[in-house]
Amino acid sequence: MKRAIVLLAGFAMAGTVSLAAGGSSVSGQYVEARTAEVFTGGCIMGSEAETMGKQAVLAWKIDRGSVNGVSVDGLSVVAALAGDVNLGLHEIGGGTATVRSVLYVDERANPVQRMALVSLANDMTKRIGTIVQVQPAPITFTDAGQSIHVATSNIALDVTKEINHDPTCGALQWFTPLAATDHAHMGQTDQNAFTGSALGTKWSDANKRSAFFGTFSR
C-alpha cells in the first residue's frame with residue numbers, strides 16, 4: 001500500500017508540470033463522451049443539467065511527440081471523470097464541478113513515459129480534478145473511419161462520427177470539449193461505460209448525442 005501511495009504521488013507531481021517545460025510538442029487524436037447530451041433541445045437540457053452529465057470518459061492517442069523531453073510516440077492515455085455536478089454546468093451559468101478522476105496509462109510505456117502521459121492528460125484538460133488512481137493498462141484506440149473505439153480496464157467507449165442535427169425542440173450545442181483540441185466535432189455515443197470502483201460511481205450511458213472527437217496538438 002505504501003508503495004502504491006508513493007507511486008501515485010509521483011504521478012501527481014508529474015501532472016503539475018506544464019507541457020511548456022522542456023519544449024514539449026505532441027499531436028494526435030482525441031475523443032470524449034459524457035453522461036448528458038451536448039446537442040439537444042432546451043427541454044431535454046433543462047431536465048439533464050442538474051441531475052446528469054456528472055461523468056465522462058476522455059481518451060488521447062498520441063501520433064507523435066514528446067512531453068518534457070520524453071518520447072510518447074504511439075502511446076495512449078484514458079481518463080474517467082466524476083464530478084459533483086454536471087461537468088459543463090459552468091458553461092450554462094451554473095457552478096464549477098469538483099472532479100475526481102482515474103487515469104489509465106498505456107501499459108507499453110515505461111515508468112518515465114507513464115508520468116509523461118499523466119502530465120499530458122493534466123495539461124490538456126483543466127477539468128481533470130483530483131487524480132485518485134493511476135493504472136497501467138492495455139489500451140485500444142481505433143479509428144475505423146466512421147467510428148472510434150476505445151477500450152481499457154473498466155472502460156468501453158464507442159462513438160459514431162455523425163449525429164442527427166434535427167433541430168427538434170430547439171436543439172443546439174450546449175457544451176464544448178472538456179479538453180483542448182485543434183478541431184472537434186460532435187458525435188453519437190454508442191457506448192460509454194465505466195465499471196471501476198475508485199470513483200465511487202459507475203455508469204453505462206449509450207445512444208446519446210454526447211460525444212466530441214477530433215485532433216489535438218501542443
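Just so it is clear, the structure is predicted and the values come from calculations on it, not from any experiment. FYI, side chains are in, hydrogens and waters are out, and symmetry mates aren't considered; it's all heavy atoms of this structure.
Partner of Val99 under the side chain to side chain contact (heavy atoms under 4.5 Å, CB included) criterion, chosen from Thr130, Leu81, Val85, Asp84: Leu81. For the side chain to side chain contact (heavy atoms under 4.5 Å, CB included) with Arg64, the qualifying choice from Ser27, Ser217, Ser71 is Ser27, the only one to do so.
Residues Phe216 and Ile62 form a side-chain contact, since some pair of their non-hydrogen atoms from C-beta on lies under 4.5 Å apart. A 4.5 Å side-chain heavy-atom check between Trp60 and Val26 finds every atom pair outside the cut-off. For the pair Val118 and Val77, the minimum side-chain heavy-atom distance is 4.5 Å or more. At a threshold of 4.5 Å between non-hydrogen side-chain atoms, the residues Ile148 and Phe141 count as touching. Using a 4.5 Å heavy-atom threshold, the side chains of Asp63 and Thr215 count as separate. In this structure the side chain of Val72 reaches within 4.5 angstrom of the side chain of Leu117, judged on heavy atoms. Using a 4.5 Å cut-off on side-chain heavy atoms (C-beta onward), Gln113 and Asn110 make contact.
Hydrophobic clustering (ILVMFWY, side-chain heavy atoms < 4.5 Å, transitive): Val102 and Ile155 are in one cluster. Under the 4.5 Å side-chain heavy-atom criterion for grouping Ile, Leu, Val, Met, Phe, Trp and Tyr, Val70 is not connected to Leu75 through any hydrophobic cluster.
Atoms OG1 and NE2, from Thr181 and His183 in turn, are 8.5 Å apart once rounded to the nearest 0.5 Å. A distance of 10.0 Å separates NZ in Lys54 from CG in Leu89, rounded to the nearest 0.5 Å. Between Met186 atom CE and Phe212 atom CZ the span is 6.5 Å, to the nearest 0.5 Å. The line from CG of Asp205 to CD of Glu37 is 8.5 Å long, rounded to the nearest 0.5 Å. The structure places OG1 of Thr142 at 6.0 Å from NE2 of His149, a figure rounded to the nearest 0.5 Å. From Arg127, atom CZ reaches atom NE2 of His90 across 5.0 Å, with rounding to the nearest 0.5 Å.
Scanning all heavy atoms of the two residues, the minimum distance from Asn86 to Met52 falls at ND2-O, 3.1 Å. What you find for Ile139 and Ser76 is that their closest heavy atoms are CD1-O, 3.5 Å. Between Ala59 and Val78 the shortest heavy-atom distance is CB-CG2, 4.0 Å. Between Lys208 and Ala36, the closest heavy-atom pair is NZ-CA, 4.1 Å. Nearest approach of Asn68 to Ser119, heavy atoms of both residues: ND2-OG, 3.8 Å. Shortest non-hydrogen contact noted between Ala137 and Thr152 is CB-OG1, 3.3 Å.
Put simply, the side chain of Arg209 gets close to the backbone of Phe39: a donor and an acceptor are under 3.5 Å apart. With hydrogens and angles disregarded, no donor-acceptor distance shorter than 3.5 Å links the side chain of Ser101 to the backbone of Ala79. A donor-acceptor pair is defined here as one N or O able to donate and one able to accept, closer than 3.5 Å; no such pair exists between the side chain of Arg218 and the backbone of Leu120.
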- [ ] Starting from the C-alpha separation in whole Å, work towards a yes-or-no answer on side chain to side chain contact (heavy atoms under 4.5 Å, CB included) for Val57 and Val150.
- [x] CA-CA 10 Å; Val57 170; Val150 176; 5.6 Å; no
TODO: Could you check Lys161 against Asp143 for side chain to side chain contact (heavy atoms under 4.5 Å, CB included), going step by step and ending with a plain yes or no?
DONE: CA-CA 10 Å; Lys161 293 183 178 181; Asp143 187 335; 2.9 Å; yes
Show every donor-acceptor pair shorter than 3.5 Å between a side-chain atom in residues 192-204 and any protein atom, with sequence neighbours excluded, or say none if there are none.
from, atom 1, to, atom 2, distance (Å)
Asn192, OD1, Trp203, NE1, 3.2
Asn192, ND2, Arg34, O, 3.2

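Applying the salt bridge (charged side-chain N to carboxylate O under 4.0 Å, His left out) definition to pairs two or more places apart or across chains, those involving residues 96-109 are Asp106-Arg108.
In terms of the side-chain hydrogen bond (donor to acceptor under 3.5 Å, both in side chains) criterion, Gln188 has no residue partners (sequence neighbours excluded).
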